[in-house]
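Letters A, B, ... mirror the listed sequences (proteins, then strands); counts begin at 1.
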2 protein chains.
Amino acid sequence: MASEYPYKSKKVIPIGTVSELTGLTPRQIRYYEDRSLIYPERSEKGTRKYSFLDVETLVEIADHREEGVQTNEIRREMVKATRKANKEDIRKSMLRGQLNAHFRIRK
Amino acid sequence: MASEYPYKSKKVIPIGTVSELTGLTPRQIRYYEDRSLIYPERSEKGTRKYSFLDVETLVEIADHREEGVQTNEIRREMVKATRKANKEDIRKSMLRGQLNAHFRIRK
DNA sequence: CGTGTAAGGAATTCTGACACG
DNA sequence: CGTGTAAGGAATTCTGACACG
């Protein structure tokens with residue numbers, strides 16, 4: 001489920017590399033986590049690990065910030081976008097369910 | 001060209017994480033690099049960075065090693081597999097070239 | 001609010017070497 | 001040949017705080 005890009009969501013990138021990839025400073029990256037915009041995983045000893053998806057999200061955050069959008073507003077937009085995506089997923093899976101029921105398609 | 005998996009080849013994973021992902025020790029991972037089985041990138045200060053493709057390769061290496069195959073033999077097999085893949089790429093691109101010439105398809 | 005920085009400590013990684021076999 | 005380990009050093013990351021604004 002939702003594993004179309006197996007490597008995109010795997011959290012394995014350290015903050016220094018994320019910093020290079022995004023152009024953001026580690027300080028900024030940690031702050032956006034503090035504001036609940038991203039959720040890296042932690043290794044046993046506490047170092048943060050990010051996914052490529054996190055990197056993409058951070059780039060979007062950076063774009064919004066450059067336009068002066070505050071982190072609060074960015075969070076609202078992200079939540080909204082997520083809800084929309086989830087609704088579409090539900091719609092699709094319901095459609096699939098109907099089709100399967102109709103045609104008796106084995107998964 | 002060959003960028004079907006944009007994130008698969010990007011070298012961003014530190015050796016400790018690769019160790020967890022593969023079950024190999026950092027010592028083993030460095031040794032296989034020494035034997036020219038993998039080629040991580042280096043950060044400015046010298047720390048190794050691996051891609052998910054490297055991780056996959058390392059798992060294959062681990063499988064071969066468990067069967068007692070020596071690194072030399074593993075390297076030969078890998079070179080052979082690479083050559084085969086390249087030949088297929090060339091064949092495909094030539095075929096594409098012919099088709100394009102025949103039907104005047106714009107790229 | 002968002003970001004920089006100095007501070008002290010902890011965890012990571014690096015290399016070259018010795019060991020075993 | 002392939003891998004473990006102790007050694008010393010360098011680079012990375014972490015947190016909490018003060019600063020500016």
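- A:Arg42 and A:Glu33 are joined by a salt bridge, as a carboxylate oxygen and a charged side-chain nitrogen come within less than 4.0 angstrom of each other.
- Checked against D:dG4, D:dT3, C:dT3, the side chain of B:Thr25 finds its nearest nucleotide in D:dG4.
- The 12-atom threshold is not exceeded at CD of B:Glu44, counting heavy atoms of other residues, nucleotides or ligands nearer than 6.0 Å.
- C:dA10 and D:dT12 make up a base pair, with Watson-Crick or G-U wobble contacts both under 3.5 Å.
- Side-chain contact of B:Arg83 with B:Asn86: a donor-acceptor pair under 3.5 Å is absent, judged by distance alone.
- Taking the side chain of B:Arg27 as heavy atoms from C-beta on, and the options C:dC18, C:dG4, D:dG2, the nearest nucleotide is C:dC18.
- Each of B:Ile61, B:Ile38, B:Asp34, B:Leu37 was evaluated against B:Ile29; a single residue qualifies, B:Ile38, per the side-chain contact (heavy atoms from CB on, under 4.5 Å) test.
- Near DNA chain C, meaning a heavy atom under 4.0 Å from it, residues 30-64 of chain A has A:Tyr31, A:Tyr32, A:Arg35, A:Lys45 in order of number.
- No contact: B:Pro26 has no heavy atom under 4.0 Å from any strand.
- Searching all strands for a Watson-Crick or G-U wobble partner of C:dG2 with both distances below 3.5 Å returns D:dC20.
- For the pair B:Ile15 CD1 and D:dT12 C1', the interatomic distance rounds to 15 Å; values are reported in whole Å.
- Here the side chain of A:Gln28 is nearest to one of C:dT3, C:dC14, D:dT13, namely C:dT3.
- Applying the salt bridge (charged side-chain N to carboxylate O under 4.0 Å, His left out) test to B:Lys11 and every residue at least two apart in sequence or in another chain returns B:Asp54.
- Taking both residues in full, the closest heavy atoms of B:Leu53 and B:Ser9 are given as CD2-OG, 4.0 Å, listed atom of the first, atom of the second, then distance.
- Look at CG on B:Asn72: it is 7 Å from P on D:dG2, rounded to the nearest Å.
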